[in-house]
Amino acid sequence: MDIIGTILWPLKWVVSAILVGFHWVFENLGMDPNEGITWVLSIIFLTFVVRAALIPIFVRQIKSQRRMLEVAPQLKKIQDKYKGKKDQFSREAMSRETMALYKETGTNPLSSCLPLLIQMPIFFSLYSVLHTAQINKTGIGLLTNTLAQSFGNAKLFGAPLHETFTNATGWEVRAIAGFMIVVMTASQFITQLQLVAKNMSPETKASPMYRQQKMMLYILPLVFVISGLSFPLGVMFYWLASNLWTMAQQYFVIRSMPTPGSEAALAREARLAKRAQRRGTPVGALAEAGTGASVAEVEAARMTTQRQQPVGKNRAKKNGKK
């Protein structure tokens, strides 16, 4: 066993255990243990378990991205200060000021990559487990040789799960793989578009970070198109389920915890103000309820829910005479 295989072995064992666990559940629900749909559902629910376990890391990523967005204007000032200066002294000075800014604000540009870096070993472990089971038909951990052979021979609508788009022996594999590639590409594009179009403040859109995000809008879907052609159907189901989870998760985050000053934040403020006006909710309750209401949201709610002071009859008559 090579070094990478030794490092990934514990993850492979856990992945195979979760996969076998869900396969056992679906088998006991009356599904055929050798059918492709049983194994596909096991892979999908394995994906949900993995992504649910990564939620705390995703929350840290969101907080890190927020801090990066907050310091984006200051970062742009440093870049503008040394714009056009290519000498070594200026480059070193720019690097020192940038690192000092990161240290002062507690930001780290690499933190946004943390969930991806953690998920990649899990993905490689899953790929290794599925690939070994499909090609060599040998089991890993709780995935016995019998179960590995069952998985290796499983078919979904006549398409073997171990085949890829490029080495398919029948049109069924190309049809299913082609459809999944289109859905994966579209889901990735929509996920990135939500971030670029709705969850960035005007200051961020004027910074280099926005240009990088906009490039990723077109680069990442292209990666899925190229990679999807060479991945087995079993692995593609994991990737598709993970993409759909990411799209739904980001939609929830953008709607409930948008970046301050972004289009999504303004839309949320309008929703909270309208809800407060309709229910007559005290403005302080928005923050006390744990909604994370911003100052602008509180002010908007105060404008719509401010209670009118009662006016007595004598005072009303007096004001009428005036």
Side-chain angles (χ1 to χ4, degrees), residues 1-2 4-58 115-165 167 172-173 176-177 180-181 183-184 187 224 227-228 230-246 248-249:
M1 185 180 295
D2 57 5
I4 297 179
T6 303
I7 296 174
L8 294 180
W9 176 257
L11 284 176
K12 292 180 183 179
W13 202 96
V14 173
V15 166
S16 63
I18 298 174
L19 182 66
V20 170
F22 279 117
H23 183 266
W24 178 85
V25 170
F26 291 122
E27 180 181 358
N28 281 269
L29 290 176
M31 300 182 67
D32 188 340
N34 297 317
E35 285 292 329
I37 185 63
T38 306
W39 285 107
V40 167
L41 288 176
S42 301
I43 294 172
I44 291 175
F45 278 86
L46 164 64
T47 307
F48 293 160
V49 170
V50 171
R51 295 307 304 270
L54 292 175
I55 286 179
I57 300 173
F58 178 77
L116 180 61
L117 294 177
I118 294 179
Q119 190 177 348
M120 289 308 293
I122 299 175
F123 175 78
F124 286 130
S125 300
L126 175 67
Y127 177 82
S128 178
V129 170
L130 299 183
H131 182 73
T132 302
Q134 291 171 338
I135 305 302
N136 300 326
K137 297 182 174 58
T138 56
I140 297 176
L142 297 182
L143 187 64
T144 63
N145 289 343
T146 302
L147 289 174
Q149 290 177 4
S150 172
F151 179 70
N153 297 324
K155 295 182 179 181
L156 180 67
F157 303 121
L161 295 181
H162 68 271
E163 292 190 359
T164 68
F165 185 93
N167 69 358
E172 296 91 350
V173 175
I176 296 176
M180 292 176 65
I181 291 173
V183 176
M184 284 194 303
S187 62
F224 281 101
S227 302
S230 58
F231 279 122
L233 288 182
V235 178
M236 288 179 65
F237 275 106
Y238 169 83
W239 209 341
L240 176 61
S242 182
N243 268 23
L244 295 177
W245 176 288
T246 301
Q249 183 174 256

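Computation of the quantities below employed the complete heavy-atom set of this structure, encompassing side-chain atoms and omitting hydrogens, waters and symmetry-equivalent molecules. Just so we're clear, the structure is a prediction, and the values are computed from it rather than from any experiment. Numbers here are sequence positions counted from 1.
No side-chain heavy atom of T47 sits less than 4.5 Å from a side-chain heavy atom of W245. Considering only heavy atoms from C-beta on, M236 stays 4.5 Å or farther from I176 through its side chain. Taking 4.5 Å as the limit, every side-chain heavy atom of N153 sits out of range of all side-chain heavy atoms of N34. The closest side-chain heavy-atom distance from F231 to I181 is not below 4.5 Å. Under the 4.5 Å side-chain criterion, counting only non-hydrogen atoms from C-beta, E27 is not in contact with T38.
The distance from the CD1 atom of I44 to the OG atom of S242 is 12.0 Å, given to the nearest 0.5 Å. Expressed to the nearest 0.5 Å, how far CE of M184 lies from CZ of F237 amounts to 10.0 Å. Here the CG atom belonging to L147 is positioned 5.0 Å from the CH2 atom belonging to W39, to the nearest 0.5 angstrom. In this structure, the separation between CG on N243 and OH on Y238 is 10.0 Å, given to the nearest 0.5 Å. Rounding to the nearest 0.5 Å places CD of E35 at 11.5 Å from CG of L41. The CD atom of Q149 sits 10.5 Å away from the CG atom of L143 when rounded to the nearest 0.5 Å.
Of all the heavy atoms in Q249 and R51, the pair that sits closest is NE2-NH2, 3.7 Å. For the pair G36 and A154, the tightest heavy-atom approach, listed with the atom from each and the gap, is CA-CB, 3.9 Å. Between A159 and L233, the shortest heavy-atom contact is CB-CD1, 3.9 Å.
Under a 3.5 Å cut-off, the side chain of S150 and the backbone N or O of T146 do not form any donor-acceptor pair. A donor-acceptor pair under 3.5 Å links the side-chain atoms of H23 to the main chain of P33, judged by distance alone.
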**Item:** Test log, rule side-chain contact (heavy atoms from CB on, under 4.5 Å), inputs L156 and E172
**Value:** CA-CA 9 Å; L156 180 67; E172 296 91 350; over 6 Å; no

**Request:** Quick one: do F151 and I43 satisfy side-chain contact (heavy atoms from CB on, under 4.5 Å)? Show the steps, please.
**Result:** CA-CA 11 Å; F151 179 70; I43 294 172; 4.0 Å; yes

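Remark: K12 NZ is packed, more than 12 non-hydrogen atoms of other residues, nucleotides or ligands lying under 6.0 Å away.
F22 and F45 have tilted rings, their planes meeting at an angle from 30° to 60° on a 0 to 90° scale.
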